[in-house]
Amino acid sequence: MPELPEVETTRRLLAPAVEGRTMLEVEVRHPRTARRHLNPNDVVDRLTGRLVLRLDRLGKFILGELDSDLTWVVHLGMSGRFDIARPGEAEEKHTHFVARTDAGAEVRFIDPRTFGFVAVFTPAELASELRLGRDALVDLPRSPQLHARLSGRKAPIKSLLLDQRLVAGLGNIYADEVLFRAGVRPTRLGAEVSPAEVAKLRRAIGPILKAGIAAGGTSLSTFGYRSPEGRTGEYRGRLHAYGREGEPCHRCGTPIERIVIGGRSSFYCPECQT
DNA sequence: CCTCCATCCTGTGGGC
DNA sequence: TGCCCACAGGATGGAG
């Protein structure tokens, strides 16, 4: 569910509740939420009593720098979100992780599908567990470098954009939007994308992600993404490709088509994207 | 290393 | 109204 803009929206709203705060009474309520650890108790043991110095983001991962050598790591998966509440306030279903801070707030992680996780990693674990390319928003490689990484690749460009080792942060919605803006068809093989097209793709990424963040992310339904304030994102109304099968292309009027690539729905304009 | 595919879950919405 | 099915914003590990 959440891609870079939703994760960044979450990070920005969560930061004031945790930065400079000490984590007390940490609870992991669902074993799957701590599954990145051999021993799920590691999350509680390593986080309890720790001060969160800073909340960062790399791709779709939220990274909390602690006052130990460890890093608090959260991935929202498909359905994860945070809620900042007061102790005793009614709890949402599927609350799988709770940490009370020294400010008296309760940071709650809610994740119905349990594809998300919470971890606390050593530097070595961080390096081995998170195999990520550079961040799509703040650290995007130059296009010659991207072109070099695509050369020889036989996979469709859509799948490559989703590969977090190439560039970290794009997901199914924003990858389709980037391809639309660049005029590149999602089925094109990586090796067949010209340097000029790679440059167009690269130039599309920043503005789209920034617009997504400015809109507070994309919520596909009222049950989709919600920020820590409980708000849905407004970017859905600005989508040009994703979810618009049969609707007229905003640029040329041709109906948007839907195909499946690598098991993921992909939407594109058969006229504008070649 | 690369590519493809199944898998982990719960909830929703559409069709009948 | 209920039932069944397809589908959903992701990442990973194994097979070939």
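Letters A, B, ... mirror the listed sequences (proteins, then strands); counts begin at 1.
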I'd like to know if [X] and [Y] make a salt bridge, using a cut-off of under 4.0 Å between side-chain N and carboxylate O.
| X | Y | value |
| --- | --- | --- |
| A:E197 | A:K200 | no |
| A:E177 | A:R181 | no |
| A:R108 | A:E89 | no |

Protein-nucleotide distance ([X], atom [atom1]; [N], atom [atom2]), rounded to Å:
| X | N | atom1 | atom2 | result |
| --- | --- | --- | --- | --- |
| A:L161 | C:dA11 | CG | P | 14 Å |
| A:D163 | B:dC4 | CG | C1' | 13 Å |
| A:Y225 | B:dT10 | OH | P | 23 Å |
| A:H30 | B:dT10 | NE2 | P | 7 Å |
| A:I261 | B:dC4 | CD1 | P | 11 Å |
| A:F115 | B:dT10 | CZ | P | 9 Å |
| A:L170 | C:dG10 | CG | P | 10 Å |
| A:R81 | C:dG10 | CZ | C1' | 18 Å |

Using the side-chain heavy atoms of [X], tell me which of these nucleotides is nearest: [options].
| X | options | value |
| --- | --- | --- |
| A:R113 | C:dG10, C:dA8, B:dT3 | C:dA8 |
| A:A155 | B:dC9, B:dT3, B:dG11 | B:dT3 |
| A:Y242 | C:dA8, B:dT3, C:dG10 | C:dA8 |
| A:R32 | B:dC8, B:dG11, B:dT3 | B:dC8 |
| A:P156 | B:dT3, B:dC4, C:dG10 | B:dC4 |
| A:H94 | B:dT10, B:dT3, C:dC7 | B:dT10 |
| A:H75 | C:dG10, C:dA8, B:dT3 | C:dG10 |
| A:T114 | B:dC9, B:dT3, C:dC7 | B:dC9 |

May I ask you to say what [X] touches in the nucleic acid, namely base, sugar-phosphate or nothing, with a heavy-atom cut-off under 4.0 Å?
| X | answer |
| --- | --- |
| A:Y174 | nothing |
| A:R153 | sugar-phosphate |
| A:S159 | nothing |

- Message: Taking C:dC3 as the reference, what is the distance to B:dC9 when you measure between their P atoms (whole Å, please)?
- Response: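 So the two P atoms sit 25 Å from each other.
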What protein N or O atoms touch nucleotides 12-16 of chain C N or O atoms at under 3.5 angstrom, if any, and at what distances?
from	atom 1	to	atom 2	distance (Å)
C:dT12	OP1	A:R36	NH2	2.8

- Is the distance from OP1 or OP2 of B:dC4 to the nearest side-chain N or O of A:K154 less than 4.0 Å?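 So the side chain of A:K154 is outside the cut-off, no N or O lying under 4.0 Å from OP1 or OP2 of B:dC4.
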- Can a side chain N or O of A:Q164 be found less than 4.0 Å away from OP1 or OP2 on C:dG10?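 Answer no for this pair, as no side-chain N or O of A:Q164 is under 4.0 Å from OP1 or OP2.
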- Start at the 5' end of DNA chain B and walk down; is the nucleotide closest to A:R165 or to A:S221 reached first?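 The answer here is A:R165.
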- Task: May I ask you to decide if A:H240's main-chain N or O and A:R244's side chain share a donor-acceptor pair within less than 3.5 Å?
- Result: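 A pair under 3.5 Å: yes.
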- Message: Using Watson-Crick or G-U wobble geometry with both distances under 3.5 Å, which nucleotide pairs with C:dA6?
- Response: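 Answer to the pairing question: B:dT12, which forms a Watson-Crick or G-U pair with C:dA6.
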- Query: Roughly how far, to the nearest 0.5 Å, is CZ of A:R54 from OG1 of A:T71?
  - Reply: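 That separation rounds to 10.0 Å.
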- Item | Centroid under 5.5 Å and tilt under 30°, A:F223 to B:dG11 |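 Whether judged by distance or by angle, A:F223 falls short somewhere, so it does not stack on the base of B:dG11.
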Side-chain contact, heavy-atom cut-off 4.5 Å: [X] with [Y]?
| X | Y | answer |
| --- | --- | --- |
| A:T122 | A:R46 | yes |
| A:Y268 | A:I259 | yes |
| A:E125 | A:D42 | no |

- Message: For A:Y242 together with A:Y235, are the ring centres under 6.0 Å from each other?
- Response: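 Between A:Y242 and A:Y235, which both carry aromatic rings, the centre distance is not below 6.0 Å.
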